[in-house]
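What follows is a short report on a single structure.
The figures here come from the full heavy-atom set of this structure, side chains too, leaving out hydrogens, waters and symmetry mates. Order of the sequence lines sets the chain letters (A, B, ...), proteins ahead of strands, with each chain counted from 1.
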Amino acid sequence: MELKDVVVWNIMISGYASKGDLNRALNYFKGMKLAGVQPDRVTWNSIISGYSQKGKFEEASNFFFKMRALTDFKPNVVSWTALITGNEQNGCSYRALQVFSQMIMERVKPNSITIASAVSACTNLSLLRHGKEIHAYCIKTDALVSDLLVANSLVYLYAKCRTVEVARRKFNSIKQKDLISWNAMLAGYAQKGCREETFELFNEMKSLGVEPDVITWNGLITGYNQNGDGIMALEFFYRMCETNTKPNTITLSGALAACSLVKDLKLGKEIHGFVIRKQIELSTGVGSALITMYSGCDHMEWACSVFNVLSNKDVVVWNSIISACAQHGQGVGALNFLRGMVISDIEPNMVTIVSVLPACARLTALRQGKEIHQFIIRRGFDMHIAIWNGLIDMYGRCGLIKKARRVFDFIPERDIVSWNTMIAGYGMHGFGMDAVNLFLHLRSSELKPNHFTFTNLLAACSHSGLIDEGWKYFEMMKSEYAMYPAIEQYACMVDLLARAGHFDESLELIKEMPFEPNAAVWGSLLGACRIHCNPELAEHAAGYLFELEPMYSGNYILLANIYSAAGRWGDAAMIRCLMKERGVTKPPGCSWIEVKRRVHSFIVGDTSHPLVHEISAKMDSLLSKIKEIGYVPDTNFVLQNLKEGEKEDSLCGHSEKLAIAFGLISTPSGTPLRIIKNLRVCGDCHEATKFISKLTEREIIMRDCYRFHHFAEGVCSCGDYW
DNA sequence: CTAGGGTTAG
């Protein structure tokens, strides 16, 4: 065999390279040189594109540079474009754009494929500004703007970046629309939630004789899912089922996601059945959609059984089950699955972190939270803003509000969620003025506060009794931001006014607000009645609450406590009977404290801890000492009608006191104690803890189910309003 | 030799 023509070699090489078999392609590449045939630009480009498509950019750019160094021909537009499309399709859009600008700087003229790919990269990154620049470049340099490929990519860009009107103008300007143009515009309307426009355009398309394909339907379904509109997503799923179009796995995932949104368990199960009947292999995509669907419909057991059945568990499947646990308050489960994932050699990614941080926050699992923070730093993840925000939340909820602030200050580009989370953190710690100051800071930034900002800010004012500030920002919301207060903000204001004892004003606000009062509103009022000892109003509020959330024990307990405090023992007993009648049970008070990497939990009246004698001795000596400096046990918080001495004993057994006593004997003096309680902190314990903090010169940080209490030098950060 | 649309987890 003599010299083969370079074209024949190229066909072999490009064939293998485009199939991803780079080894074969390289063998032929070497082979042709041995045979004395010089590779040409097409040969080099085939290899570059093969590596680039596989996401092996180091190899791709090595050949790119070798081509420049070893040959007479420079990389041409195809070589550059191969690098750009490869990066874009492998989730490295940012690098794709870097390559693109490098190419422009070297004065290589892009073609329509290059431009479309660069615009797609902008779309992936939501870089509207950048995309517009590329658009402008097209207009300035040549007629590429009218190229169908480019035009379609621009419709996607403008639709995705929330300027659907601009997308429509671009769409209208396309003379010969293809199916992809229609799909782009329809998906854009779906993502933006424009129901009418979607239907209109859809009908227009059909009247012109253009038939939707599976991607049209999928774009509509997933678009509406992204918009949170499961009803429309299912509408289009049903419509598709009436046609001859066969659903694929993406359709099924989309339909399952919609089921989860609207909690349509019945349809979800039908689709699951369909998957089994048709023997569609349970791909990781459909598998994770099933997990999410069952979890969204509150069937965690089934979510777990789908998880167990899946033979191929990729990072998305693990993330699905982790976030399912986290969303159902199963923090321990979430952390267990995280461990399972690591053991199975699946690398956690950004989404894993974002899902698992709230679980740590809720568990106050500071140690795991810190480990995850370390892990993020070690792995050198791109710090997605959601991770930063998760860290703020985690540190805030674990009681390290200063650390939370340090994270906040460290974020290069904060979004509104960062500010909202930080404001909420200050609020739950009772640092109302810090929350207000941060809000003022936010006002001077270019970000716009949203409804959550005001909810968190007003809640912070309320936790700190900042009445004037509360009114001011409540009014500012309307006057300066043209935002109508929602029921959440009204609830905060009712809470703020009632806590301060301004019951008339708060009742007036309830009357005047354009919503039916909900449990949060009446609950605020009831809580305030405890502080100000107002059993009459408490009865009124509790009446509504018993209707709205009949099984929540907290309301009954609160009302019973209020009756007891007013000496109305008979009424208090009646409430306990009512609870029994309705089968409402009060979860036992439980407190946790972490000492030397171990979490110790104490249940009310608990005698099971190994150090029970030491704890009880410590408690006795503490109580007699704090009584000397002014503590008076408040037996109103004992529900049972016991004798005075017995009531005092029963108070000593409260879980938060046990945890404090244990913390004091098992940590060196001066160490702050961090305690978490599952219920609202008891009034007597609150009083006692203030004295204990003074006596022992310890900082005691206690989180109950509503907020943080920082006890130091005999006072609490809540100012006794909680 | 480069080639545009729908993709599960937050």
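- In this structure T249(A) satisfies the side chain to side chain contact (heavy atoms under 4.5 Å, CB included) test together with I280(A), S283(A), V286(A), sequence neighbours excluded.
- Applying the side chain to side chain donor-acceptor pair (under 3.5 Å) criterion to T421(A), with sequence neighbours excluded, gives no partner residue.
- Checking the phosphate oxygens (OP1, OP2) of dG10(B), a side-chain nitrogen or oxygen of Q327(A) falls inside 4.0 Å.
- For the contact set between residues 57-75 of chain A and DNA chain B, defined by any heavy atom under 4.0 Å, there are no members.
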Nucleotide-resolved protein contact map, nucleotides 1-6 of chain B, B/S/- at heavy-atom distance under 4.0 Å: BBBBBB
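- In this entry the distance linking CG of L391(A) with P of dG10(B) reads 18 Å, nearest Å.
- Looking at residues two or more places apart in sequence or on another chain, you find a salt bridge (Lys or Arg N to Asp or Glu O under 4.0 Å) between E270(A) and K266(A).
- Two residues are said to be in side-chain contact when any heavy atoms from C-beta on lie closer than 4.5 Å; I115(A) and C138(A) meet this criterion.
- Y395(A) pairs by the side chain to side chain donor-acceptor pair (under 3.5 Å) definition with H373(A), not counting sequence neighbours.
- The CD1 atom of I221(A) sits 13 Å away from the P atom of dT8(B) (whole-angstrom rounding).
- When the side-chain nitrogen and oxygen atoms of S323(A) are compared with OP1 and OP2 of dG10(B), one or more of them lie within a distance under 4.0 Å.
- Whole-Å rounding puts the D393(A) CG to dG10(B) P distance at 16 Å.
- The CD1 atom of I321(A) sits 12 Å away from the P atom of dG10(B) (whole-angstrom rounding).
- In this view, S46(A) satisfies the side chain to side chain donor-acceptor pair (under 3.5 Å) rule with no residue, not counting sequence neighbours.
- Listed by chain and number, the residues in a salt bridge (Lys or Arg N to Asp or Glu O under 4.0 Å) with R68(A) are E106(A) (sequence neighbours excluded).
- For R414(A), the salt bridge (Lys or Arg N to Asp or Glu O under 4.0 Å) test picks out no residue, with sequence neighbours left out.
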